[in-house]
Amino acid sequence: MIKRIIMYSILSVLVGALVLLCFRWGRITATTRHEQAIQEFRAQRATEFARAVESVRCGQSRSIALYDEIDTDSKMTQLVGLTELEELILEHCDLTTAGTRTISRIPNLKRFCYSYYSELGDDGLRCLSMSRSLEAIVIVESRVSAGGMDWLRSLRPLRTLVFYQGSLPGDSPRSADSMIETLSGFQHLRFLAIGGSWLAEKHLDELMRKLPHAEIVLLREEPASYSLDLQELRRLSRTIESRGNGGRLGSEPTRSRSEVRASPACFT
């Protein structure tokens, strides 16, 4: 009887150890597979990026677009010497201030679009202001304040600005007034598309009055694509005719998000 009890005890211990070993082995295997999948994903993205860079270098394209990208900062360093690159689009990428500083060094970059990276915000615009070639910038939902926007006033080549943000940091009337006051100082702009729930009629009147040489477009909804030509932006919006003090809100119909098409020849 005692021998059987001892045998059952030993058997129970062995079974328990085997179950534990299988469980741990399963976890190790799952972790290994997960890490392998990540490595494969990174390798695939790196290959796609290399092809995009080569396409620009060979003159087949002048634009690079990255979506849900990882290791974005390191990829930006590969673009500094790419003199053929004129347009860069980043959406949901893990870009940091260091990466934006690198972007400002791309010698002939004319158009830069970035969206949905709330941690970048004002510091990103401060770094972009170091550029000497940017002519058009698209900013969508990136937690930008009036102080950050003010950095872009030093971009003398800047002619086109698209800015859509549902709410401003601080979310107060004072924040909205400060943003409009800052934008009113962009006397070199020729096209301004702006949207967000913080905008009021008085803000549009002020922009029309203080930016008489700019075409101003009110975005009634968030752009579906961040590489839009000006014609598409007009169709998405109500156009404000900024001709002296006689400007009035137009009544052009709004197009649905699905109808807006991306154009490789944006801001032309």
Side-chain angles (χ1 to χ4, degrees), residues 30-57 61-82 84-131 133-134 136-145 147-149 151-152 155 158 161-170 195-196 222-228 257 262 264 266:
T31 301
T32 302
R33 289 176 179 173
H34 178 67
E35 292 175 349
Q36 183 179 358
I38 292 177
Q39 291 175 0
E40 291 175 354
F41 176 76
R42 288 176 181 268
Q44 179 183 353
R45 284 299 181 90
T47 300
E48 293 172 352
F49 179 72
R51 288 174 180 169
V53 171
E54 187 60 27
S55 178
V56 171
R57 185 173 286 115
S61 173
R62 295 184 179 182
S63 176
I64 290 179
L66 302 178
Y67 304 95
D68 296 309
E69 193 58 69
I70 54 177
D71 301 328
T72 309
D73 285 357
S74 63
K75 289 180 172 65
M76 295 302 98
T77 60
Q78 301 177 49
L79 303 180
V80 173
L82 200 59
E84 300 85 356
L85 182 63
E86 294 185 359
E87 179 184 63
L88 179 62
I89 303 170
L90 302 179
E91 179 184 347
H92 287 286
C93 295
D94 60 347
L95 186 73
T96 70
T97 302
T100 313
R101 188 179 297 111
T102 302
I103 290 171
S104 70
R105 295 165 48 207
I106 301 175
N108 297 317
L109 187 66
K110 295 180 180 179
R111 299 175 291 275
F112 178 58
C113 315
Y114 79 97
S115 59
Y116 294 106
Y117 195 71
S118 60
E119 299 303 319
L120 199 56
D122 293 347
D123 284 341
L125 297 190
R126 175 177 57 81
C127 294
L128 281 183
S129 69
M130 302 175 188
S131 172
S133 60
L134 279 173
I137 296 177
V138 176
I139 305 168
V140 177
E141 296 294 1
S142 295
R143 299 296 295 169
V144 170
S145 72
M149 188 66 71
W151 283 102
L152 296 185
L155 273 175
L158 188 65
L161 177 62
V162 180
F163 176 55
Y164 186 94
Q165 192 160 291
S167 61
L168 298 175
E222 175 190 325
S225 172
Y226 311 112
S227 178
L228 299 173
R257 292 169 61 101
C266 71

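Along the sequence shown, residues carry numbers from 1.
For Ser131 (side chain) and Leu128 (main-chain N/O), no donor-acceptor pair under 3.5 Å exists by modelled atom type. Ser142 places a side-chain N or O within donor-acceptor distance of the main-chain N or O of Val140, the cut-off being under 3.5 Å. A distance-only check finds no donor-acceptor pair linking the side chain of Ser55 to the backbone of Arg51 [under 3.5 Å].
Across Cys127 and Ser104, no two heavy atoms sit closer than the pair O-CB, 3.3 Å. Heavy-atom minimum distance, Cys93 versus Asp68: SG-N, 4.3 Å.
The shortest side-chain heavy-atom distance between Lys110 and Glu87 does not fall under the 4.5 Å cut-off. Residues Leu155 and Leu161 are not in side-chain contact: their nearest non-hydrogen atoms beyond the backbone lie 4.5 Å or more apart. Using a 4.5 Å heavy-atom cutoff, the side chains of Phe163 and Ile137 are not in contact. Between Arg45 and Leu66 the shortest side-chain heavy-atom distance does not fall below 4.5 Å. For the pair Leu109/Ile103, a side-chain contact is recorded, criterion being any heavy-atom separation below 4.5 Å from C-beta on. Between Pro107 and Glu84 the shortest side-chain heavy-atom distance does not fall below 4.5 Å. The shortest distance between side-chain heavy atoms of Val144 and Asp122 falls below 4.5 Å. In this structure the side chain of Phe49 never reaches within 4.5 angstrom of the side chain of Glu69, judged on heavy atoms.
Checked against side-chain contact (heavy atoms from CB on, under 4.5 Å), Ala52 has the following partners two or more places apart in sequence or in another chain: Ile64. Contacts of Arg105 classified as salt bridge (charged side-chain N to carboxylate O under 4.0 Å, His left out), with partners at least two apart in sequence or in another chain: none. With sequence neighbours excluded, the residues forming a salt bridge (charged side-chain N to carboxylate O under 4.0 Å, His left out) with Arg126 are Asp123, listed by chain and number. Checked against salt bridge (charged side-chain N to carboxylate O under 4.0 Å, His left out), Glu54 has the following partners two or more places apart in sequence or in another chain: Arg57. Here Glu48 pairs with Gln44 under the side-chain hydrogen bond (donor to acceptor under 3.5 Å, both in side chains) rule; sequence neighbours left out. Qualifying side-chain hydrogen bond (donor to acceptor under 3.5 Å, both in side chains) partners for Gln165, counting only residues two or more places apart in sequence or in other chains: none.
Between atom OG of residue Ser63 and atom CG of residue Leu88 there is a gap of 7.5 Å, rounded to the nearest 0.5 Å. Separation of atoms CD1 (Ile89) and OH (Tyr114) is listed at 15.0 Å; rounding is to 0.5 Å. With rounding to the nearest 0.5 Å, the separation of NZ in Lys75 from CG in Leu90 is 11.0 Å. The line from CE of Met76 to OG1 of Thr100 is 9.5 Å long, rounded to the nearest 0.5 Å. Here the OG atom belonging to Ser133 is positioned 12.0 Å from the CZ atom belonging to Phe112, to the nearest 0.5 angstrom.
Between the side chains of Asp94 and Thr72, at least one donor N or O lies within less than 3.5 Å of an accepting N or O.
Applying the 6.0 Å contact sphere to CZ of Arg62 captures no more than 12 heavy atoms from other residues, nucleotides or ligands.
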Audit row: Tyr67, His92, side chain to side chain contact (heavy atoms under 4.5 Å, CB included) steps and yes/no: CA-CA 6 Å; Tyr67 304 95; His92 287 286; over 6 Å; no
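With Thr102 as the partner, the side-chain contact (heavy atoms from CB on, under 4.5 Å) test is satisfied by one option alone out of Leu95, Val80, Thr96, Asp73: Val80.
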